[in-house]
Amino acid sequence: MTSYKSKLRVHYGYAFEDALIDEICLVAKHKVIAAEQAVINFEDTIQYMPLLLKGSIKVLRVDEQGNEVFLYYLEKGDTCAMSLTCCLGNKKSEIIALSEEESELLLIPVKYLNEWLCVYTSWKNFIFNSYNARLEELLTVIDSLAFMNMDKRLLKYLQDKSMVLGTLELEITHQNIAQELNSSREVVSRLLKKMESKNIIKLSRNKITILNL
DNA sequence: ACATTAAGTGATT
DNA sequence: AATCACTTAATGT
């Protein structure tokens, strides 16, 4: 039997009934993504809906000038709400997605999305909940953008990253962070410095160590 | 020792 | 908070 079926059970079993899990295994493509790979590029046409089995995917909003804003992480048990809108509307992707670590996912061809909505209640609930969770998440992003709460955004960024990668040692430059938050290096450096003086983090070159969040 | 790149800082808008 | 101009520190060759 398929090797990923058990993983599917572990991470999605709470949501999906057995029959659905069986069906997913029949039609899904299994894919392993190396660290630091683009999973979805801007204006890609999405033909599959992903279910994450292992690792994490970072989702960013970008514009034509290459400005980007970090939106959220996808983790095991998640799916991408963006892919749903894209798939159902047959639109091009408004976001980009990157793997930060080696990740594993199942790709479900678009055509099943609709079918399953009618057949499986658990699927309908899952989709609905995913949408909901993502929308909530985006609202908090909007809040912090609207009120220019860089300090809170930065804190959340570090928390998320540490959580998702399962480490307190983040290897990243201030410049990089600034890019993802669409801010400037100096601002990020200054805020980090403040956090360091409060013993929240420890700074070193190319590295931020988290002490107490 | 030197060049390169990351990070720190003050002033200005 | 962003930008500029400049300094200082860390790291690779």
Side-chain angles (χ1 to χ4, degrees), chain A residues 32-44 52 54-76 78 80-82 85-86 91-104 131-213:
Chain A
V32 176
I33 314 263
E36 308 292 336
Q37 292 294 303
V39 182
I40 294 168
N41 283 305
F42 188 57
E43 300 207 314
D44 271 7
L52 207 51
K54 189 190 129 197
S56 58
I57 305 284
K58 182 165 67 180
V59 178
L60 304 159
R61 175 99 240 241
V62 287
D63 69 6
E64 298 78 15
Q65 283 90 51
N67 292 318
E68 47 188 47
V69 179
F70 166 77
L71 293 180
Y72 50 75
Y73 279 106
L74 255 35
E75 291 181 90
K76 298 185 282 287
D78 285 341
C80 181
M82 196 53 221
T85 7
C86 287
K91 298 254 172 62
K92 292 188 171 174
S93 177
E94 302 278 336
I95 50 94
I96 62 174
L98 304 167
S99 61
E100 282 210 318
E101 51 183 333
E102 186 182 285
S103 302
E104 209 177 319
Y131 247 102
N132 219 299
R134 239 70 268 186
L135 191 61
E136 298 261 321
E137 193 133 26
L138 288 182
L139 283 179
T140 66
V141 173
I142 290 174
D143 280 347
S144 53
L145 286 176
F147 301 117
M148 301 259 185
N149 261 325
M150 272 310 298
D151 46 354
K152 283 187 190 156
R153 273 217 292 161
L154 182 56
L155 189 65
K156 185 170 188 308
Y157 179 83
L158 296 177
Q159 283 170 336
D160 283 356
K161 194 171 179 91
S162 152
M163 174 100 59
V164 149
L165 298 179
T167 172
L168 295 176
E169 304 231 315
L170 304 177
E171 285 201 14
I172 190 159
T173 64
H174 302 182
Q175 178 72 88
N176 259 317
I177 297 173
Q179 219 167 64
E180 300 219 321
L181 298 181
N182 196 27
S183 175
S184 63
R185 199 216 84 227
E186 295 93 321
V187 170
V188 169
S189 285
R190 282 177 177 130
L191 290 172
L192 286 172
K193 209 77 206 295
K194 267 189 206 164
M195 293 170 72
E196 187 178 39
S197 67
K198 288 189 209 156
N199 286 318
I200 297 173
I201 55 174
K202 167 129 187 358
L203 298 175
S204 30
R205 194 186 170 93
N206 289 315
K207 194 174 83 180
I208 297 171
T209 309
I210 292 171
L211 306 175
N212 322 289
L213 279 188

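The chains referred to below are lettered A, B, ... by the order of the sequence lines, with proteins before strands, and numbering in each begins at 1. Here the structure is a predicted model, which means the values were calculated and not measured.
- Using a 4.0 Å cut-off on heavy atoms, the residues of residues 192-202 of chain A that approach DNA chain B are A/Lys193, listed by number.
- In this structure, A/Tyr131 and A/Thr85 approach most closely via the heavy-atom pair OH-CG2, 3.3 Å.
- In summary, of the residues considered (A/Lys194, A/His174, A/Gln175), a side chain to side chain donor-acceptor pair (under 3.5 Å) with A/Ser189 occurs for A/His174 alone.
- Between A/Lys161 and A/Leu158, every side-chain heavy-atom pair lies at or beyond the 4.5 Å cut-off.
- Of the residues in residues 138-151 of chain A, A/Met148, A/Met150 come within less than 4.0 Å of DNA chain C through at least one heavy atom, sorted by number.
- In this structure, the side chain of A/Arg153 does not engage the main chain of A/Leu145 through any donor-acceptor pair within 3.5 Å.
- For residues 138-149 of chain A, no residue pair satisfies the salt bridge (Lys or Arg N to Asp or Glu O under 4.0 Å) rule, not counting sequence neighbours.
- Within the 3.5 Å criterion, the main-chain N or O of A/Ile33 finds no donor-acceptor partner in the side chain of A/Ser103.
- First and last contacting nucleotides of DNA chain B toward chain A (any atom under 4.0 angstrom from a heavy atom, 5' to 3' order): B/dT5 to B/dA11.
- Between A/Glu101 and A/Glu36, the closest side-chain pair of non-hydrogen atoms is not below 4.5 Å.
- At distances below 3.5 Å, at least one donor-acceptor pair connects side-chain atoms of A/Asn212 with backbone N or O atoms of A/Asn199.
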Tabulated below should be each protein N or O lying under 3.5 Å from an N or O of nucleotides 3-6 of chain C; please produce it.
{"from": "C/dT3", "atom 1": "O4", "to": "A/Arg190", "atom 2": "NH1", "distance (Å)": "3.4"}
{"from": "C/dC4", "atom 1": "N4", "to": "A/Glu186", "atom 2": "OE2", "distance (Å)": "3.0"}

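- Judged purely by atom type and a 3.5 angstrom limit, A/Asn149 has no side-chain atom pairing as donor or acceptor with the backbone of A/Asp151.
- Sorted by first and then second residue, the salt bridge (Lys or Arg N to Asp or Glu O under 4.0 Å) pairs with a member in residues 174-189 of chain A read A/Lys58-A/Glu180; sequence neighbours excluded.
- Residues passing the salt bridge (Lys or Arg N to Asp or Glu O under 4.0 Å) test with A/Arg61, sequence neighbours excluded: A/Glu94.
- Contacts of A/Asp160 classified as salt bridge (Lys or Arg N to Asp or Glu O under 4.0 Å), with partners at least two apart in sequence or in another chain: A/Lys156.
- The shortest side-chain heavy-atom distance between A/Glu100 and A/Tyr73 falls under the 4.5 Å cut-off.
- Residues that satisfy the salt bridge (Lys or Arg N to Asp or Glu O under 4.0 Å) test with A/Lys193, not counting sequence neighbours, are absent from this structure.
- At a non-hydrogen distance threshold of 4.0 Å, nothing from residues 63-71 of chain A comes into contact with DNA chain B.
- Judged as a salt bridge (Lys or Arg N to Asp or Glu O under 4.0 Å), the pairs with a partner in residues 201-213 of chain A (not counting sequence neighbours) are, in order, A/Glu169-A/Lys207.
- Although no hydrogens or angles enter the test, the distance criterion places a donor-acceptor pair under 3.5 Å between the side chain of A/Ser162 and the main chain of A/Thr167.
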Treat primed atoms plus P, OP1 and OP2 as sugar-phosphate and everything else as base, then score nucleotides 7-13 of chain C 5' to 3': B for base contact with protein heavy atoms under 4.0 Å, S for sugar-phosphate contact only, - for none. --BBS--
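- Listed for the A/Thr173 side chain is no donor-acceptor partner under 3.5 Å among the backbone atoms of A/Asn206.
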